[in-house]
Every structure is written in structure tokens, then in C-alpha cells.
> 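One structure coming up, written as C-alpha cells, with questions to follow.
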Amino acid sequence: MNVTLIPGDGIGPSITDATVRLLEASGASITWDRQLAGMAAVSAVGDPIPDATLESIRRTTLALKGPLETPSGKGFRSINVALRQEFDLFANVRPAKTVLSGLRFTDVDIVLVRENTEGLYIGIENYIKIGDDKMAAAQSMAVVTRFGAERIVRYAFEYAVSHGRKKVTLVHKANILKYSQGLFLAVGRAVATEYAGRLLVEERIVDACAMELVMRPERFDVIVTTNLFGDILSDLTSGLVGGLGLTPGANIGKSAAIFEAVHGTAPDIAGKGVANPTALMLAACQLLDHAGEGARAARVKQAIETTLRERRRVTADVGGTATTLQYTDAVIAALGRGG
Ligand code: NAD
């Protein structure tokens with residue numbers, strides 16, 4: 001299969017190298033098309049999202065992507081958001097599952113499905129000038145469409161049915177944002193009726209959901225929510241299972257899919273060789289699954305989980321002393337032993 005590979009910024013190149021090595025060791029037949037995006041692309045060609053990268057994804061329809069740096073509060077718009085909108089990658093699937101022992105929770109297994117193209121991330125923002133102050137006020141618009149809400153909720157319910165899940169929680173803030181969140185909830189309730197008898201359905205207001213996730217995460221199964229809430233809650237669910245180094249994310253559309261880690265460029269540890277590549281490795285498993293290589297994905301995942309459980313050669317973020325390279329060698333060795 002042909003896959004666009006975007007190493008990205010910060011720890012991106014080191015975790016993508018580790019992931020490519022692991023996939024090669026798994027025997028996956030992948031032709032990589034290496035492309036640039038983010039600050040790496042700005043330095044090389046003066047454009048954070050070069051046409052060649054977009055053309056490559058259009059051709060391969062599959063990409064494995066390292067994190068991309070986005071300047072906060074100024075500069076260009078997030079390339080991640082732009083890629084999701086360009087390819088209409090409406091579903092962001094972010095699983096968080098306990099593998100490590102010794103954590104506060106022993107059996108978290110949550111799949112968070114985040115709407116990925118609408119809501120507050122639609123990019124309609126402006127300042128309002130009052131008197132001499134050009135930035136006296138600012139507004140950002142949250143746009144929820146019936147079409148967008150319906151397709152993400154339906155995606156989450158279909159995902160739940162096809163993955164043997166039992167329950168879907170609709171997470172919203174319709175008590176305050178009666179229009180945008182109210183529409184999401186109304187559409188969610190309507191779609192839910194079609195799955196009556198097959199799946200349990202519950203509703204949570206996002207703030208109460210955050211509290212309950214921290215107190216009793218075991219009672220959640222599949223969560224579906226709007227863009228901003230999904231962004232925030234998926235970092236929270238990462239924390240429940242050992243941190244951002246462990247959780248992958250698939251951005252799925254009808255004509256393309258991009259697989260990445262939930263985490264960012266980790267500037268505080270970039271260049272030190274200590275980043276945990278697990279999240280991107282698990283994203284690569286999502287890619288294999290998506291491409292119909294479920295058995296290979298399961299073997300690779302098993303090797304990752306065995307290495308994490310043994311805890312002899314894990315990275316510092318999960319309590320070890322191994323470098324990215326040493327951990328990757330250990331996962332490849334576990335794969336060689338059959339997982
Ligand atoms: P971050 O996720 O990069 O880092 C948060 C903390 O988690 C840091 O302490 C970091 O060291 C740690 N961490 C993250 N990934 C790790 C890993 N694999 N191994 C070990 N430790 C890890 O979040 P941030 O600092 O808020 O963001 C940095 C940059 O990343 C920003 O420019 C932001 O826009 C960007 N970002 C990109 C993506 C993406 O490309 N999908 C996602 C989130 C943030």
C-alpha cells in the first residue's frame with residue numbers, strides 16, 4: 001500500500017522513524033511517500049502546507065503524520081485543522097485503554113469520537129474595534145450543522161455496533177449553548193432511537209462528564225461529542241491511561257484518512273531522544289486496521305502492549321529510563337517473539 005509519511009515537528013521525526021521501523025519489522029508492505037508540513041515545511045519551502053503534500057494525500061488516501069507545531073494566538077492557522085477540513089476528515093477516533101499496571105484505574109477502555117470539522121474550530125473569528133482599540137473584543141463562531149452532527153453521531157453508533165461496544169454517551173453543553181449544542185443533542189437523540197435495543201445510550205453535560213471521567217472512567221464506553229469538547233476530553237482520557245505518549249487518533253473521511261498521535265510536538269523533550277513513540281505506533285495500528293490488515297495490526301499492538309506491561313524498557317513519561325530507540329528495539333523484539 002502507498003502511504004504519505006509526514007514526520008512533522010519537534011519529536012515528530014524521531015517517533016515517525018520508530019514507527020516506520022516497527023511497521024517494516026511487521027512485514028507490512030508499505031511504500032512511503034515522505035512529505036513536509038508544519039514548521040519543517042515553512043523552513044524548507046516557506047509554506048506550512050505545501051501543494052505536494054496535499055497532492056500526495058489525495059493520491060495515497062492514507063497518511064501517517066507526526067505532530068505539527070501551531071503558533072498560539074498568532075501566525076498561520078493550525079495545519080491539523082486545515083488538513084481535517086481539506087479532506088473532510090469528519091471523524092476523529094481516539095481510543096484510551098489501560099495497559100500499564102500501577103495506575104489509579106485498572107480497566108479504562110474508552111473510545112472518544114470527536115466531530116472534527118465544525119464547531120468552534122471552523123475558523124470564523126474576528127476582532128471588534130471600539131474607539132482606538134482594534135482588539136477591544138474578539139468573537140469566534142461555533143457552527144454545528146444538522147448534516148455534520150448526524151454523520152458524526154451515526155459514525156459513533158456504527159463504530160460501537162461494529163466493535164462490540166455496549167454504550168454510547170452523547171456529551172454536550174445544550175443547557176447553555178441552546179442553539180449549536182442544542183442542535184447536536186437533538187440530532188444525537190434522533191439517531192440514538194435507531195439503535196434502541198442494540199446499544200445503551202446516555203447523555204452527559206460536558207462539565208459533569210469531565211468530573212465523572214476522573215472519578216469513575218470505567219463506566220464509559222464510546223463517547224461522541226463536538227470538536228472542542230472532544231479535543232479537551234481526549235487529553236483527559238489520555239491522562240487516565242498513563243499520559244499523552246500512549247494515545248492514538250484516526251482522522252477519518254470518505255476519501256482519505258490521516259493517522260496521528262493525540263499529543264503535540266512536545267518541545268520540552270524534542271531532540272533528546274526520549275519521546276515515547278507508542279501513540280504514533282498505535283495510530284499506525286489504526287491505519288493497518290483501516291486498510292484491511294487487521295491481523296497484522298493486532299500482532300503489532302500485542303507487541304506494544306507486552307513491552308509496556310513488562311515495563312523493563314519503557315520511556316521516562318511512563319516511569320522508565322529507555323530512549324526512544326531502546327523502547328522501539330524492545331517492541332520489535334517482542335514482535336519477533338510473537339507479541
Ligand atoms: P504536547 O502534547 O506537545 O505536550 C504536552 C506534554 O506532554 C509535554 O510535557 C510533553 O513533553 C508531553 N508529551 C507529549 N507527547 C509525548 C511523548 N510522545 N512522549 C513523552 N512525553 C510526551 O502539548 P503542547 O506542549 O501543548 O503543544 C506543543 C505544540 O504541539 C503546539 O504547537 C501545539 O499546537 C502542537 N500540537 C499538535 C498536535 C497535532 O499535530 N495533532 C496536537 C496537539 C498539539
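Remember, it's 1-based here, ligands and their atoms both numbered in the order they're listed.
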> Can you check whether H290 and F259 have ring centres sitting under 6.0 Å from each other?
yes

> Is the closest basic N to carboxylate O distance between R337 and E310 below 4.0 Å?
yes

> Hey, is R216 close enough to E218 for a salt bridge, meaning N to O under 4.0 Å?
no

> Check ligand 1 against the protein and report each N/O to N/O distance under 3.5 Å, formatted as atom name, atom name, distance.
{"unit_1": "ligand 1", "atom_1": "2 (O)", "unit_2": "G264", "atom_2": "N", "d": "2.7"}
{"unit_1": "ligand 1", "atom_1": "3 (O)", "unit_2": "G264", "atom_2": "N", "d": "3.4"}
{"unit_1": "ligand 1", "atom_1": "3 (O)", "unit_2": "T265", "atom_2": "N", "d": "3.2"}
{"unit_1": "ligand 1", "atom_1": "3 (O)", "unit_2": "A266", "atom_2": "N", "d": "2.7"}
{"unit_1": "ligand 1", "atom_1": "9 (O)", "unit_2": "D268", "atom_2": "OD2", "d": "2.8"}
{"unit_1": "ligand 1", "atom_1": "11 (O)", "unit_2": "D268", "atom_2": "OD1", "d": "2.7"}
{"unit_1": "ligand 1", "atom_1": "11 (O)", "unit_2": "D268", "atom_2": "OD2", "d": "3.1"}
{"unit_1": "ligand 1", "atom_1": "15 (N)", "unit_2": "H263", "atom_2": "ND1", "d": "3.4"}
{"unit_1": "ligand 1", "atom_1": "18 (N)", "unit_2": "H263", "atom_2": "NE2", "d": "3.2"}
{"unit_1": "ligand 1", "atom_1": "18 (N)", "unit_2": "N276", "atom_2": "O", "d": "2.8"}
{"unit_1": "ligand 1", "atom_1": "19 (N)", "unit_2": "N276", "atom_2": "N", "d": "3.0"}
{"unit_1": "ligand 1", "atom_1": "30 (O)", "unit_2": "T265", "atom_2": "N", "d": "3.0"}
{"unit_1": "ligand 1", "atom_1": "30 (O)", "unit_2": "T265", "atom_2": "OG1", "d": "3.4"}
{"unit_1": "ligand 1", "atom_1": "32 (O)", "unit_2": "T70", "atom_2": "N", "d": "3.0"}
{"unit_1": "ligand 1", "atom_1": "32 (O)", "unit_2": "T70", "atom_2": "O", "d": "3.2"}
{"unit_1": "ligand 1", "atom_1": "40 (O)", "unit_2": "K65", "atom_2": "NZ", "d": "3.4"}
{"unit_1": "ligand 1", "atom_1": "40 (O)", "unit_2": "L68", "atom_2": "N", "d": "2.8"}
{"unit_1": "ligand 1", "atom_1": "40 (O)", "unit_2": "N80", "atom_2": "OD1", "d": "3.3"}
{"unit_1": "ligand 1", "atom_1": "40 (O)", "unit_2": "N80", "atom_2": "ND2", "d": "2.8"}
{"unit_1": "ligand 1", "atom_1": "41 (N)", "unit_2": "E260", "atom_2": "OE1", "d": "3.1"}

> Judged by atom type as modelled, is there a donor-acceptor pair below 3.5 Å linking the side chain of K97 to the main-chain atoms of T247?
no

> Name the atoms and distances for all side-chain donor-acceptor pairs under 3.5 Å in residues 100-108, with sequence neighbours left out.
{"unit_1": "R104", "atom_1": "NH2", "unit_2": "V214", "atom_2": "O", "d": "3.4"}

> Can we say R189 and E203 salt-bridge, meaning some charged N sits less than 4.0 Å from an Asp/Glu carboxylate O?
yes

